[in-house]
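The structure appears below as structure tokens.
Proteins get letters first, then strands, A, B, ... in listed order; numbering begins at 1 in each.
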Amino acid sequence: MSSLQPVRGTHDLLPEEMRRHRRVIDVARAIAERYGYHEVETPIFEFSEVFQRTLGDTSDIVTKEMYSFTDRGGERLTLRPEATAGIARALISGGLTQLLPLKFFCHGPMFRYERPQKGRLRQFHQIDIELLGVPGPEGDVEVIACGYAILTALGFADRITLELNTLGDGESRRAYRTALVEFFKAHEDRLSADSRERLERNPLRILDSKDEGDRRIVADAPLFGDFLNEASRSFFATVTGGLDALAIPYKLSPRLVRGLDYYCHTAFEFTTETLGAQGTVMGGGRYDGLVETMGGPATAGIGWAAGIERLAMMLDDPPPPRRPIAVVPVGEAAARPALKLAERLRGAGFAIELGYGGNLGKRMKRANRLNAAAALILGEDEIARGGVTLRDLDSGAQEQVALGALEERLAPYR
RNA sequence: GCGGGCGUAGCUCAGUUGGUUAGAGCGCCAGAUUGUGGAUCUGGAUGUCGUGGGUUCAAGUCCCAUCGCUCGCCCCA
């Protein structure tokens, strides 16, 4: 083992892994475009303030997971732990609030200082869509439908579950939160240490505790449903109605929550059993208060993020690399003509591999290893005839082709 | 931040109660085949046994520390 290690929790994306990522990204982008989302990219670091304000000072991400540093100018900067804050910032600083509604797709690296495990890295990648300026439930339906379409196109439809919940509007949520805190305070001495902590920071999370004792207490906790006001109820009914109309299956999960104040109404996660402990493959929800929290005008927003690594792991067979055509010169005299031929064919759109030395046998061996579909052998005989020998490397069949007819003859190998 | 498992060749791994030159398969390189790849055969190279310390006549093997990987908790994509 070399002492030269990649930084903990980071990974090199070598060609095979990169192809998996690219597959996920390409499918997601193509489908997001069908829904009218436009690709954008924001910087991978922002002023720390951007994330502190949007994520809240008590969230895990802000308290222990941010990669923050001071630059040479003395600015406090942070490597983005998620995409939404940067996009919201861009919306405000670019004056885009004039153009609402806006629909963005983006993908790229995110950074969180966490202990790595399966499906969890310190530098990881997400695809992400955000729908801004649509306050009505039709936005929620569209965003979920788009995510579902992407997961389906990737072939995961039968391995994922859409878990769905509503947090209601601000009024409903505040009322519920108050009731919940009151209830848990009464049982505080019996709660687990983790949950006592959560009682301060994020009481809704206690509902999702894995601790046995907590679960017994939770069983008698007040139900969110009883605190939803009429407006929240009908909002959610429109969302589920839309999903029903689109035949998108979902499971209501009352325990699915979000901690921060600006989250409201729809919260959802696509989960899978196939990835171990990190079962969430795509998660999102409505965040109507976020842009305002950052200092912009009140702007509705809803979106999701999905982990590319997790999706890439679920891909059944890695997309194969493109099969090249090998140009194989024989003898010194053929080197120059082969170089020119290779360039000409590349110009015509073929993937050409021109070996880097060795005799015919060596070059053929290398062509085979690269899974080349065909070899074009170019030696004295061929040059004299003004053609090349075309060998199909799957069948072994070989024929002479005149130089002028090459592009046409090679069409099947494109 | 907390807990469990694991570090031997490029990869996957074997290595007996501590015992002398550390092995296999795959891959790689060369040759059989200097104008023909895949299959076969023959030969070849490659290890700070993760790192540091300790115990011992002797450590890949036992002990301690450390680093890394991995799985889980927390949280999340």
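Within 4.0 Å (heavy atoms only), A/M110 reaches no atom of the nucleic acid at all. A/E309 comes within 4.0 angstrom of nothing in the nucleic acid, heavy atoms only. The residue A/A305 sits close only to the backbone: its heavy atoms come under 4.0 Å of sugar-phosphate atoms, none of a base. Across all strands shown, A/L275 has no heavy atoms under 4.0 Å from either base or sugar-phosphate atoms.
Taking atom P on both B/rG52 and B/rU16, the two are 23 Å apart, rounded to the nearest angstrom. Rounded to a whole angstrom, the distance from the C1' atom of B/rC63 to that of B/rC26 is 36 Å. Between B/rG35 and B/rC41, the two P atoms lie 26 Å apart (nearest whole Å). Using P as the reference atom, B/rA9 and B/rC75 are 39 Å apart when rounded to the nearest Å. Taking atom C1' on both nucleotides, B/rU56 is separated from B/rU17 by 16 Å, rounded to a whole Å. Separating the C1' atom of B/rG1 from that of B/rA59 is a span of 35 Å, rounded to the nearest Å. Across B/rU61 and B/rG18, the matching C1' atoms stand 6 Å from one another, rounded to whole Å. For B/rG27 and B/rU46, the C1' atoms lie 12 Å apart once the distance is rounded to whole Å.
The CD-C1' distance, from A/E130 to B/rA77, rounds to 13 Å in whole Å. Rounded to an integer number of Å, the gap from CZ of A/F124 to P of B/rC75 is 17 Å. In this structure, A/E114 places its CD atom 14 Å from P of B/rU70, rounding to the nearest Å. Separating the CZ atom of A/R122 from the C1' atom of B/rC75 is a distance of 14 Å, rounded to the nearest angstrom. In this structure, CG of A/L121 is placed 14 Å from C1' of B/rC71, rounded to the nearest angstrom. Distance CD (A/Q117) to C1' (B/rC74): 9 Å, rounded to an integer number of Å.
A salt bridge is absent between A/E46 and A/R80; no separation between the charged side-chain nitrogens and carboxylate oxygens falls under 4.0 Å. Between A/E343 and A/K340 no salt bridge is recorded (no basic side-chain N to carboxylate O distance below 4.0 Å). Ion pair A/D316/A/R159 flagged as a salt bridge, since at least one NZ, NE, NH1 or NH2 atom sits closer than 4.0 Å to an Asp/Glu carboxylate oxygen. Salt-bridge annotation for A/D26 and A/R29: present, with a side-chain N of the basic residue lying under 4.0 Å from a carboxylate O of the acidic one.
For the pair A/R414 and A/F350, the cation-pi test (distance below 6.0 Å, angle within 45°) is passed. Cation-pi contact between A/R122 and A/Y113: present, with separation from the ring centre below 6.0 Å and deviation from the ring axis of at most 45°.
Within residues 141-150 of chain A, no residue has a heavy atom under 4.0 Å from RNA chain B. Applying a 4.0 Å cut-off to non-hydrogen atoms, none of the residues of residues 11-30 of chain A approaches RNA chain B.
Here ring-ring contact (aromatic ring centres under 6.0 Å, His included) pairs that include residues 203-227 of chain A, with residues two or more places apart or in two chains, are A/Y176-A/F224, A/Y176-A/F227. Within the structure, side chain to side chain donor-acceptor pair (under 3.5 Å) pairs that include any residue of residues 353-365 of chain A do not occur (at least two apart or interchain).
Nearest-nucleotide assignment on RNA chain B puts the 5′-proximal partner with A/Y113, out of A/Y113 and A/G284. Residue A/R115 is the one, among A/K118 and A/R115, whose nearest nucleotide of RNA chain B lies closer to the 5' end (criterion: closest heavy atom).
A/F105 pairs by the ring-ring contact (aromatic ring centres under 6.0 Å, His included) definition with nothing, not counting sequence neighbours. Shown here are the ring-ring contact (aromatic ring centres under 6.0 Å, His included) partners of A/F124, two or more places apart in sequence or in another chain: there are none. Partners of A/R344 under the salt bridge (Lys or Arg N to Asp or Glu O under 4.0 Å) rule, at least two apart in sequence or in another chain, are A/E407. Residues satisfying the side-chain hydrogen bond (donor to acceptor under 3.5 Å, both in side chains) criterion with A/R174, sequence neighbours excluded, are absent altogether. Under the side-chain hydrogen bond (donor to acceptor under 3.5 Å, both in side chains) criterion, A/Y67 pairs with no residue at all, not counting sequence neighbours.
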How does protein contact run along nucleotides 29-38 of chain B, one letter per nucleotide 5' to 3', with B for base contact, S for sugar-phosphate only, - for none, heavy atoms under 4.0 Å? SS----BBBB
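Atom CG of A/L403 is separated from atom CZ of A/R409 by 14.5 Å, given to the nearest 0.5 angstrom.
For RNA chain B, if you chain together Watson-Crick or G-U pairs that step i with j, i+1 with j-1 and so on, the runs of at least three with distances under 3.5 Å are B:1-7 with B:67-73, B:10-13 with B:23-26, B:28-32 with B:40-44, B:50-54 with B:62-66.
When each of A/E39, A/E130, A/E142, A/E33 is checked for a salt bridge (Lys or Arg N to Asp or Glu O under 4.0 Å) with A/K103, only A/E142 meets the rule.
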Contacts under 3.5 angstrom, residues 367-390 of chain A side chains, donor-acceptor by atom type, not counting sequence neighbours:
residue: A/N371; atom: OD1; partner: A/R323; partner atom: NH2; Å: 3.4
residue: A/E382; atom: OE1; partner: A/G379; partner atom: N; Å: 2.9
residue: A/E382; atom: OE2; partner: A/T389; partner atom: OG1; Å: 2.5
residue: A/R385; atom: NH2; partner: A/Q400; partner atom: OE1; Å: 2.5
residue: A/T389; atom: OG1; partner: A/Q400; partner atom: OE1; Å: 3.2
residue: A/T389; atom: OG1; partner: A/Q400; partner atom: NE2; Å: 3.2

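Relative to the side chain of A/E65, the nucleotides B/rC75, B/rG72, B/rA77 differ in distance, and B/rC75 lies closest.
One can find a donor-acceptor pair under 3.5 Å joining the base of B/rC74 and the side-chain atoms of A/R120.
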